[in-house]
Amino acid sequence: MSLQIGIGLAGLGTVGAGVYKHLAQNRALLVERLGLELVVRRVVARDLTKPRAGLAALPPASILTKDWRVLIDDPAVEIVVELLGGIDTPLALIRAAIAAGKTVVTGNKALLAEHGQEIFALASAQRVPVFFEASTAGGIPIIKSIREAFIANHIVSIHGIINGTSNYILSRMTAEPGLDFADALAAAQAAGYAEADPTLDINGWDAAHKAIILASLAYGFWVPADRVFVEGIEKISATDIHFAGELGYRIKLLAIIKAAATETGQAGGPIEVRVHPTLIPKTHVLASVSGVFNAVAVRGDVVGETLFYGRGAGQDPTSSAVLSDLAEAAFALRPANEQAPDAGADLRRRCYGFTPHGLYGACLPLEEIVSRYYLRLAVDDRPGVLAQVAGALGAHGIGISSVVQPETHDAAGRAQLVLMLDRATHRQVNAALAEIAALACVHPPGALLRVETFGS
Ligand code: HSE
C-alpha cells in the first residue's frame with residue numbers, strides 16, 4: 001500500500017466540494033504521480049446535510065464535523081485545507097494549524113491580503129509551509145510560476161486581468177455598444193458570474209487582494225493595502241467604452257505591478273501596485289481576453305515576457321489549483337514520513353510558500369505613480385473652452401497627445417471633449433483636474449481613466 005498523507009478539509013462550499021470530488025476522481029493518477037495517497041480524514045462544513053454542487057454524495061458522517069478544532073486535534077490530519085471564506089474563523093484555523101505544525105493550503109485571498117505578513121511570519125517561525133495557489137487567478141498556476149519557475153528573475157512587471165466578473169461586464173459593454181454598466185452587471189448576475197453581492201468584484205478590491213499577493217510574492221515583502229491604488233469599474237459608461245474604441249483602445253480592469261530601477265540602474269527600486277479601469281491598446285494581447293477569463297502577463301529580467309491565460313474562478317479550475325498545492329504539500333511531507341526527518345526539514349524550509357527578503361521594500365507613494373490618461377469632459381461649446389482646459393493642464397506640466405471633439409452634442413447641448421494626456425503623476429493630474437472642475441465651462445460628470453501602453 002502506498003504512503004498515506006491525511007487531509008483535513010475545512011469548507012465544503014463550491015471549491016471545497018470540488019476538491020473532495022476531484023481527489024476521488026483522480027485518485028489513481030495522483031497516486032501514480034506522487035507515490036503516495038492523499039486521504040481526506042476530516043471535513044468541516046457549516047451544514048452537515050445540505051447537498052453540495054458537484055458531489056453525488058456527501059462525505060461519510062464519520063468524518064463530517066462543524067468544528068474546525070477537530071482538524072487541529074486529529075493527529076491523522078497533516079495538511080489543513082482552508083476553504084471556509086471570511087476572515088476571522090479562517091485566521092483562527094490557520095494560526096492553530098501552524099502552531100500544531102500542520103501544513104496549510106488556503107485559497108483565501110482577502111485573508112492573505114490582510115494578514116499575510118502575520119501568517120507567513122508564524123509559518124516561518126514554526127517551519128510550516130503555507131500554500132495559496134487558489135488565491136489568485138483560479139486555475140492559472142501563477143503563484144507557482146512566480147515562486148518556482150521565475151525564481152532566478154527580478155520581476156520587472158506584472159499586468160493582470162484577475163477579476164472575471166468585471167472582465168465579463170466590460171466585455172459585454174464592448175460587444176454591445178450603448179449597454180450601460182447596470183445592465184451589464186445584471187447580465188453577469190443572470191449568467192451566474194457575479195456574486196449576489198458583487199461589491200468587491202466591481203469596486204476593484206477582489207483584484208486588489210490578488211494584486212497584493214502577486215506583488216508580495218514578486219518583491220519579497222508583504223505590501224500594505226493602503227499602498228495600493230484601487231479604483232473600480234462602477235463609473236465606466238457606454239460613452240467611455242465608445243470613445244476608447246474610437247481611439248484604438250479597450251477598457252479592462254487591470255492590475256499593474258511594477259518595480260522601478262534604483263538610481264544606479266539596479267533592480268530593487270520602489271514598487272507600485274494598482275488596480276483600475278485601464279485603456280489598453282486593442283493590439284495588445286490582453287485586449288483580446290474576454291468574458292470571465294483571466295490573464296496575467298509577467299515580465300522577468302531573465303525570462304522576458306510571459307503570458308498566462310485561463311479560468312480565474314469556478315469549481316473545477318479553482319479545485320485544480322488547490323490540488324496542486326495539496327500534491328506539493330504532501331510531497332514535502334513525504335521524507336519525514338519515510339523516516340528521513342532531516343531531509344524533510346530541509347525540504348520544508350524551502351517550501352514556506354512565501355520567502356521574505358530585503359532586496360525591495362519601498363512602495364512608491366500613490367501620488368507619485370506615473371501614468372498616461374484619458375480625460376473626457378462635458379463642456380460648453382464656445383470659443384476659448386479648449387484653451388482654458390489646455391491651460392490648466394499646461395500649468396501643471398501635463399502635455400496633451402491628442403484631442404477629439406465630436407460635432408454631436410449631448411442632451412444638455414454640451415460638447416464632449418476627449419483628451420489623451422502624456423505621462424504625469426497622480427499628483428499633477430489631481431491638481432489639474434481640481435482646477436478644470438472649477439471652470440464655469442466644464443460640467444460634471446466627466447471621466448478620468450488611466451492608459452497603459454506596456455512600456456512603449
Ligand atoms: N469573484 C472573482 C472573479 C473570483 O469574478 O474573478 C474569485 O476571486
Side-chain angles (χ1 to χ4, degrees), residues 4-24 38-55 57-116 118-120 122-123 126 128-136 138 143 209 213 313-330 332-333 352-353:
Q4 294 190 333
I5 300 286
I7 294 164
L9 181 60
L12 202 56
T14 305
V15 181
V19 169
Y20 189 81
K21 175 178 80 173
H22 290 295
L23 267 176
L38 299 163
V39 181
V40 180
R41 307 267 192 220
R42 302 276 182 183
V43 178
V44 180
R46 288 194 183 96
D47 183 331
L48 303 184
T49 55
K50 190 171 96 176
R52 303 292 169 158
L55 285 189
L58 286 172
S62 58
I63 66 167
L64 266 178
T65 174
K66 285 186 179 178
D67 183 3
W68 61 261
R69 288 171 191 82
V70 171
L71 269 50
I72 306 301
D73 295 337
D74 185 346
V77 169
E78 294 162 273
I79 304 171
V80 170
V81 183
E82 185 281 303
L83 298 170
L84 293 167
I87 299 287
D88 293 343
T89 306
L91 183 58
L93 168 64
I94 289 175
R95 281 179 180 147
I98 293 172
K102 296 174 194 268
T103 301
V104 172
V105 172
T106 178
N108 195 326
K109 64 203 136 269
L111 176 70
L112 290 176
E114 284 178 35
H115 297 281
E118 178 202 333
I119 288 170
F120 289 104
L122 290 174
Q126 296 295 324
V128 170
V130 175
F131 296 111
F132 49 101
E133 185 64 66
S135 67
T136 302
I143 300 295
H209 289 151
I213 292 168
Q315 184 174 58
D316 292 344
T318 313
S319 298
S320 172
V322 173
L323 288 164
S324 82
D325 278 351
L326 267 173
E328 187 175 359
L333 287 170
Y352 294 146

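Bear in mind that the values here come from a model prediction, so they are computed numbers and not experimental data.
Between Gly138 and Ala321 the shortest heavy-atom distance is O-CB, 3.3 Å. Nearest heavy-atom pair, Ile79 versus Ala329, reported as atom, atom and distance to 0.1 Å: CD1-CB, 3.7 Å. The minimum heavy-atom distance linking Arg52 with Gly13 is given by the pair NH1-N, 4.2 Å. The two residues Leu326 and Val105 come nearest to each other via the heavy atoms N-CG2, 4.3 Å. Residues Val77 and Gly8 come closest through the heavy atom pair CG1-N, 3.5 Å. Across all non-hydrogen atoms, the minimal contact from Ala45 to Leu12 is CB-CB, 4.1 Å.
Within the 4.5 Å cutoff, the side chain of Glu328 has no heavy atoms near those of the Glu133 side chain. Considering only heavy atoms from C-beta on, Val39 stays 4.5 Å or farther from Glu78 through its side chain. Put simply, the side chain of Gln4 reaches to within 4.5 Å of the side chain of Arg41, judged on heavy atoms. Side chains of Thr103 and Phe131 form a contact here, defined as non-hydrogen atoms less than 4.5 Å apart. Side-chain contact between Leu23 and Ile7 is present, with heavy atoms from C-beta onward closer than 4.5 Å.
Between Arg42 and the choices Asp73, Asp67, Asp74, the salt bridge (charged side-chain N to carboxylate O under 4.0 Å, His left out) rule is met once, by Asp74.
We find the NE2-OG distance between His22 and Ser319 to be 5.0 Å, quoted to the nearest 0.5 Å. Between the CG atom of Leu111 and the OG1 atom of Thr106 there is a distance of 6.0 Å, given to the nearest 0.5 Å. The distance from atom NE2 of His115 to atom CG of Leu122, rounded to the nearest 0.5 Å, is 11.5 Å. Atoms CG and CD1, on Leu58 and Ile63 in that order, are 10.5 Å from each other to the nearest 0.5 Å. One finds the CD1 atom of Ile143 at 4.0 Å from the OG1 atom of Thr136 (value rounded to the nearest 0.5 Å). Atom-to-atom distance recorded for Leu48:CG and Lys66:NZ is 5.5 Å, nearest 0.5 angstrom.
Partners of Phe132 under the ring-ring contact (aromatic ring centres under 6.0 Å, His included) rule, at least two apart in sequence or in another chain, are Phe120.
In this structure a side-chain-to-backbone donor-acceptor pair under 3.5 Å is present from Thr318 to Gly314.
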Quick one: side chains of residues 83-98, donor-acceptor pairs under 3.5 Å with protein atoms, not counting sequence neighbours, listed by atom name and distance.
| residue | atom | partner | partner atom | Å |
| --- | --- | --- | --- | --- |
| Arg95 | NE | Glu118 | OE2 | 2.6 |
| Arg95 | NH2 | Glu118 | OE1 | 3.0 |
| Arg95 | NH2 | Glu118 | OE2 | 3.3 |

